[in-house]
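Right, one structure below, let's go through it.
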Amino acid sequence: MKLDRMIGILSILLQQDKVTAPYLAEKFEVSRRTINRDIEALCMAGIPLVTEPGQKGGVSIMEGFKIDRTLLSTSDMQAILAGLRSLDSVSGTNRYARLMEKLSAGASNILTGDMHILIDLSSWNKASLSPKIELLHDAILSGRKVAFSYFAPKGESKRIIEPYNLIFRWAGWYLWGWCEDREDFRLFKLVRMTGLQICGTFKKREVPPPELSSERIFPHIYQVKAIIQPEYKWRLIEEYGLESFTVRPDGTLLFSFGFTEKNNIVGWIASFGGGAELLEPAEFRQDVLAFAEGIRKKYQ
């Protein structure tokens, strides 16, 4: 991509006093003419580059404008690399690792150094998720609408969206975009999309920041209290945190937390088998009983 290449050229110029156009052309596997166009584009963008002809000539950043390479230490660059590698784990490519090679030109020890932080943003659905991320990312950059079927607790719906942001939050990937059906910005979970395809272009509008607070996305409509058996303490800690329960004198756990949907409460309590008893909301106790009775009849 042209942007990646221009970032790479600028990074090399920040780390080396002077380089030649043939060197850059070989480094980025493009023609010398393409490199010359990139240099012109960087100059038009306000980057003060100087080109000198002759045997000892080359391209450099004007004196007084260059950032000292010691501004970023090896550990700083390794932290950047860890982040870039995490993006490669999503797409299943090494695109960002190649970008890092450009950023660390002349400092190969950065790429070979020990990495103690490994970030994998992929999911169990990586085979189907990575193509969605790539398609949506391209659609965002090119200003094209996307259409898909969306599966939510309230049922299936067809959506046409102006995509603006890809977001990784709550251990999942989401799309923030303008929904033509709702005439408003909405958040969509990628794993719930099927039949994703491009369906035209759009003029980009002013985009408000994504509303990502847990209170906004998962409002606590129902306050749940339940007695949980101690062998399930690990689940409460993993799913809701240590502050979500207290230990009773008999060793059982008094759980208290807010839930958004009734069905989630019933299914969550039932998932413990006989290891949980719902106390509040008391009116949902009959729903848990009916849920369990339905399972009993099915397997009777």
Side-chain angles (χ1 to χ4, degrees), residues 123-126 128-129 132 148-159 161 167-177 179-196 210-300:
S123 71
W124 296 107
N125 305 289
K126 183 175 181 178
S128 62
L129 195 60
K132 291 180 183 178
F148 53 84
S149 295
Y150 195 68
F151 295 84
K154 295 182 179 180
E156 178 184 356
S157 60
K158 302 290 185 181
R159 301 296 182 99
I161 305 298
I167 301 166
F168 184 79
R169 186 83 186 264
W170 306 296
W173 282 93
Y174 296 81
L175 173 69
W176 177 251
C179 176
E180 290 191 353
D181 184 48
R182 300 292 189 267
E183 296 186 345
D184 197 2
F185 284 91
R186 289 289 190 271
L187 198 64
F188 300 91
K189 198 167 188 178
L190 265 61
V191 294
R192 294 182 179 179
M193 298 177 180
T194 63
L196 182 63
E211 302 175 21
L212 299 178
S213 66
S214 297
E215 294 77 13
R216 167 67 175 80
I217 304 300
F218 306 111
H220 291 178
I221 298 174
Y222 304 104
Q223 190 63 33
V224 169
K225 287 188 177 181
I227 297 174
I228 310 294
Q229 293 303 307
E231 60 264 32
Y232 295 105
K233 181 187 289 187
W234 65 273
R235 272 193 63 179
L236 300 185
I237 293 175
E238 178 179 328
E239 296 174 10
Y240 297 100
L242 191 61
E243 299 77 17
S244 66
F245 65 90
T246 57
V247 181
R248 305 172 77 211
D250 62 357
T252 58
L253 312 173
L254 179 61
F255 171 80
S256 180
F257 205 84
F259 281 67
T260 303
E261 297 181 359
K262 174 182 175 180
N263 289 341
N264 289 345
I265 299 172
V266 174
W268 186 75
I269 291 293
S271 70
F272 289 91
E277 179 185 356
L278 178 66
L279 301 179
E280 298 177 9
E283 61 269 26
F284 291 174
R285 289 171 61 90
Q286 287 298 318
D287 294 283
V288 176
L289 178 62
F291 184 91
E293 183 66 17
I295 293 177
R296 187 189 70 81
K297 290 180 178 179
K298 186 178 292 290
Y299 290 93
Q300 191 172 23

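All residue numbers in this chain count up from 1 along the given sequence.
The minimum heavy-atom distance linking Gln223 with Pro281 is given by the pair O-CD, 3.7 Å. Among all heavy-atom pairs drawn from Thr260 and Ile221, the shortest one is O-CD1, 3.5 Å. Of all the heavy atoms in Pro230 and Gly251, the pair that sits closest is CB-O, 3.5 Å.
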Take Arg285 and Asp287 through the test salt bridge (Lys or Arg N to Asp or Glu O under 4.0 Å) and record every step on the way to the result. CA-CA 5 Å; Arg285 289 171 61 90; Asp287 294 283; over 6 Å; no
CA sep, side-chain torsions, deciding dist, call: Arg235, Glu238, salt bridge (Lys or Arg N to Asp or Glu O under 4.0 Å): CA-CA 5 Å; Arg235 272 193 63 179; Glu238 178 179 328; over 6 Å; no
Given Tyr222 and Phe284, is the ring-ring contact (aromatic ring centres under 6.0 Å, His included) satisfied, shown in steps? CA-CA 10 Å; Tyr222 304 104; Phe284 291 174; 5.2 Å; yes
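For Tyr240 and Phe255, the ring centers are positioned less than 6.0 Å apart.
Using a 30° and 60° split on the angle between ring planes, Phe188 and Tyr150 fall in the perpendicular class, above 60°.
In this structure, the separation between CD on Glu243 and CZ on Phe257 is 9.5 Å, given to the nearest 0.5 Å. Going from atom CD1 of Ile161 over to atom CH2 of Trp176 covers 11.0 Å, rounded to the nearest 0.5 Å. A distance of 6.5 Å separates CD1 of Ile227 from CG of Leu254, quoted to the nearest 0.5 Å. Thr252 OG1 to Glu277 CD: the interatomic distance, rounded to the nearest 0.5 Å, is 10.0 Å. Distance CZ/Arg159 to CG/Leu175: 11.5 Å, rounded to 0.5 Å. The distance from the CG atom of Leu187 to the CD1 atom of Ile167 is 5.5 Å, given to the nearest 0.5 Å.
More than 12 heavy atoms of other residues, nucleotides or ligands lie within 6.0 Å of CD in Glu283, so this atom counts as buried by the packing criterion. At most 12 heavy atoms of other shown residues, nucleotides or ligands fall within 6.0 angstrom of atom CD in Gln286.
The shortest side-chain heavy-atom distance between Leu129 and Trp173 falls under the 4.5 Å cut-off. Looking at heavy atoms from C-beta onward, Ile269 lies out of side-chain contact with Phe291 at the 4.5 angstrom threshold.
Side-chain contact, Lys225 with Ser256: no donor N or O sits under 3.5 Å from an acceptor N or O. In this structure, a donor-acceptor pair under 3.5 Å is absent between the side chains of Thr246 and Arg248. With hydrogens and angles left out, the side-chain atoms of Ser149 and Arg192 include no donor and acceptor closer than 3.5 Å.
A search for ring pair (Phe, Tyr, Trp, His ring centres under 6.0 Å) contacts involving Phe272 returns Tyr232, Trp268, not counting sequence neighbours.
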